[in-house]
Amino acid sequence: MVRPTFQRVVLAARQRAWHIPLRNWWRRFREDGMSETNQQQTFTGGCLCGNIRYTVTGNPIAPLVCSCAHCKKLSGGPMTAWVGFLLQGFSWDGPGGEPTWFATWPGVNRGFCPQCGARICALDDGASAVFVTIMSLDDHSVVVPEVQRFPEDAVSWLPQVPVGDRATAV
């Protein structure tokens, strides 16, 4: 089976009048990519070895940690920290191009570096946003998770992320 490339997924998302980003749960957050002052920010990030790099212009969408069994297995840790960005301002610009994609669930693709193995992102088929791991950002201190998904599956030996004002509906 041929995996869709990042460019094909972006093109498909732009051609649709509707979107299915991460099962639409993140739409409860501000989704226009603009801050309260309507100024877009630029973020850069990538993998451990520098082979896969990205640049995104826009503002973070739905910063969170996820404690689902899926994220715990993929990360090898108690949770994965994610933040979304609209695809329209996102580009792969490292020497390795876009990451290697692995379908972890029908319609759910995870991107990783084929050289160092670092997990970098998640991209659902037909999504209008890509979610990158917060730790893949060059400056991850500027993004703070606002909610914890699947808190019932969280390990008991770590405190849960307090629910932020914008995330109370999630």
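Given the structure is predicted, the values throughout are model-derived calculations rather than measurements.
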Got more than 12 heavy atoms from elsewhere within 6.0 Å of CG, L48? no
Check: C121 and W92 side chains under 4.5 Å, non-hydrogen atoms: yes
So, for I134 and H140, which heavy atoms are closest and what is the spacing to 0.1 Å? O-CB, 3.2 Å
Non-neighbouring partners of F85 that pass ring pair (Phe, Tyr, Trp, His ring centres under 6.0 Å), sequence neighbours left out: F43
To the nearest 0.5 Å, how far apart are CD in E98 and OG in S91? 11.5 Å
Name all pairs fulfilling the salt bridge (charged side-chain N to carboxylate O under 4.0 Å, His left out) condition that reach into residues 70-82, sequence neighbours left out, sorted by first residue then second. none
Could you note down all residue pairs passing salt bridge (charged side-chain N to carboxylate O under 4.0 Å, His left out) where residues 100-122 supplies at least one of them, sequence neighbours left out? none
Taking side-chain hydrogen bond (donor to acceptor under 3.5 Å, both in side chains) as the definition, give me every residue that meets it alongside H70, ordered by chain and number, with sequence neighbours left out. T104
Please give me the minimum heavy-atom distance between I120 and P99, naming the atom from each residue. CD1-CB, 4.4 Å
Would you mind reporting whether C47 and F112 have side-chain heavy atoms less than 4.5 Å apart? no
V161 vs V147 side-chain heavy atoms within contact, under 4.5 Å: no
Do L74 and V130 land in one hydrophobic cluster if side-chain heavy atoms of ILVMFWY residues count as linked below 4.5 Å? no
Mind listing the closest non-hydrogen atom pair of Q40 and T57 along with its distance? OE1-CG2, 3.4 Å
Not counting sequence neighbours, which residues clear side-chain hydrogen bond (donor to acceptor under 3.5 Å, both in side chains) with S136? List them please. Y54, T133
So if I apply the side-chain hydrogen bond (donor to acceptor under 3.5 Å, both in side chains) rule between T55 and each of T42, T44, D93, which one comes out positive? D93
Nearest atoms (heavy-atom pairs only) where V56 meets L86: CG2-O, 4.4 Å
State whether the side chain of N51 and the backbone N or O of G96 hold a donor-acceptor pair below 3.5 Å, judged by distance alone. yes
Checking side-chain contact (heavy atoms from CB on, under 4.5 Å) against P78, which of V65, V155, D153 comes through? V155
Which salt bridge (charged side-chain N to carboxylate O under 4.0 Å, His left out) pairs, counting each pair once, include a residue from residues 126-142, with sequence neighbours left out? R53-D138
Hey, does M79 have a side-chain heavy atom less than 4.5 Å from the side chain of L158? yes
Between F150 and C71, is there a side-chain heavy-atom distance shorter than 4.5 Å? no
Identify the heavy atoms of F131 and A62 that sit nearest to each other, and give their distance. CE2-O, 3.9 Å
Please check if the side chain of T80 supplies one atom and the backbone of S75 the other of a donor-acceptor pair under 3.5 Å. no
Using a 3.5 Å distance criterion without hydrogens, assess whether the side chain of Q160 forms a donor-acceptor pair with backbone atoms of Q148. no
